[in-house]
Amino acid sequence: AQSVTQLGSHVSVSEGALVLLRCNYSSSVPPYLFWYVQYPNQGLQLLLKYTSAATLVKGINGFEAEFKKSETSFHLTKPSAHMSDAAEYFCAVTPYNQGGKLIFGQGTELSVKP
Amino acid sequence: DTEVTQTPKHLVMGMTNKKSLKCEQHMGHRAMYWYKQKAKKPPELMFVYSYEKLSINESVPSRFSPECPNSSLLNLHLHALQPEDSALYLCASSQEQGSSYGYTFGSGTRLTVV
């Protein structure tokens with residue numbers, strides 16, 4: 001079955017530093033890929049999505065992700081972290097053959113130090 | 001309107017109570033979803049409705065009963081719940097089931113079963 005692996009359950013960066021959150025998927029056929037952010041006590045907000053158009057995807061709040069088929073990866077980056085970026089980040093996949101389910105990785109909690 | 005609205009935001013219920021969670025969207029989306037999220041965990045799919053018909057039931061116990069009265073409204077009826085059912089219940093919608101556009105999530109209902 002299709003799965004998503006997020007490396008690192010917790011990432012801590014300093015304000016202004018590069019943010020890199022890692023996501024790998026398992027599939028021979030590239031699925032639809034998404035990054036969602038969840039702030040405390042809130043729902044999930046879509047940051048960006050890959051749907052086979054461009055491999056470098058730009059999202060909201062300065063985030064972007066690069067789809068690399070050879071590495072089955074879809075890592076999320078932001079050049080300069082802001083305190084307001086502190087949240088839980090989920091990588092998710094919609095496999096072609098599972099009835100449209102959105103399957104989430106385990107999540108990465110991002111902390112930003114002043 | 002680009003939102004999914006969930007009510008109530010918080011709910012405390014006893015194990016013998018009957019209550020309902022409500023979800024509404026006016027984006028013309030034809031697929032709607034219920035997810036359950038425990039603390040520090042990713043959301044887990046419970047039900048999928050497509051064009052007002054139940055499409056996926058992820059082997060959810062019968063004490064959870066979904067209902068889709070029309071294309072804009074999704075309910076989750078709760079009866080005889082257990083304390084372990086305490087969680088954040090998230091509703092989501094998408095243009096179609098398995099859409100490449102991603103899901104729009106509501107802010108959730110925080111349920112506590114006592």
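Below, chains carry the letters A, B, ... as their sequence lines are ordered, and counting in each starts from 1.
- Nearest heavy atoms, B:Gln97 versus B:Ala31: N-CB, 3.5 Å.
- For residues 45-91 of chain A, the pairs satisfying disulfide bond (SG atoms under 2.5 Å apart) are A:Cys23-A:Cys91, with sequence neighbours left out.
- Residues A:Phe74 and A:Phe34 share a closest heavy-atom pair of CE2-N, 4.1 Å.
- At a 4.5 Å heavy-atom cutoff, the contact between A:Gln106 and chain B is made by backbone and side-chain atoms alike.
- Minimum heavy-atom separation, B:Phe105 to A:Leu44: CB-O, 3.4 Å.
- When the heavy atoms of residues 6-22 of chain B are compared with those of chain A, none of the residues falls under 4.5 Å.
- Only the side chain of A:Lys49 comes within less than 4.5 Å of a heavy atom of chain B; its backbone N, CA, C and O stay farther away.
- Side-chain atoms of A:Asn24 never come within 3.5 Å of backbone atoms of A:Thr5 as a donor-acceptor pair (strictly under, hydrogens ignored).
- Of the possible polar contacts, none joining the A:Asn61 side chain to the A:Phe63 backbone as a donor-acceptor pair under 3.5 Å is found.
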**Request:** Output, in order, the C-alpha distance, side-chain angles, deciding distance and verdict of side-chain contact (heavy atoms from CB on, under 4.5 Å) for A:Ser9 and A:Glu109.
**Result:** CA-CA 6 Å; A:Ser9 59; A:Glu109 183 180 5; over 6 Å; no
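- Put simply, of A:Leu102, A:Thr51, A:Leu33, A:Leu46, the one with the most heavy-atom pairs under 4.5 Å next to chain B is A:Leu102.
- Along residues 38-55 of chain B, the residues that come nearer than 4.5 angstrom to chain A, judged on non-hydrogen atoms, are B:Lys40, B:Lys41, B:Pro42, B:Pro43, B:Leu45 in order of number.
- Aromatic ring centres of A:Tyr25 and A:Tyr50: separated by at least 6.0 Å.
- Here the side chain of A:Thr108 pairs a donor or acceptor atom with the backbone of A:Gly8 at under 3.5 angstrom.
- A:Gln45 does not touch chain B: none of its heavy atoms, backbone or side chain, sits under 4.5 Å away.
- Using a 4.5 Å heavy-atom threshold, the side chains of A:Leu110 and A:Val13 count as touching.
- Side-chain N or O atoms of B:Gln25 include one that pairs as donor or acceptor with a backbone N or O of B:Met27 at under 3.5 Å.
- Counted by atom type alone, B:Ser65 and B:His79 present zero donor-acceptor pairs between their side chains at under 3.5 Å.
- At a heavy-atom cut-off of under 4.5 Å, chain A is reached by B:Ser107, B:Arg110 from residues 107-114 of chain B, listed in order of number.
- Under 3.5 Å, the side chains of B:Ser94 and B:Tyr33 contain a donor-acceptor pair of N or O atoms.
- B:Trp34 contributes no side-chain N or O that, together with a main-chain N or O of B:Leu74, makes up a donor-acceptor pair within less than 3.5 Å.
- Between A:Val112 and A:His82, the closest heavy-atom pair is CG2-O, 3.5 Å.
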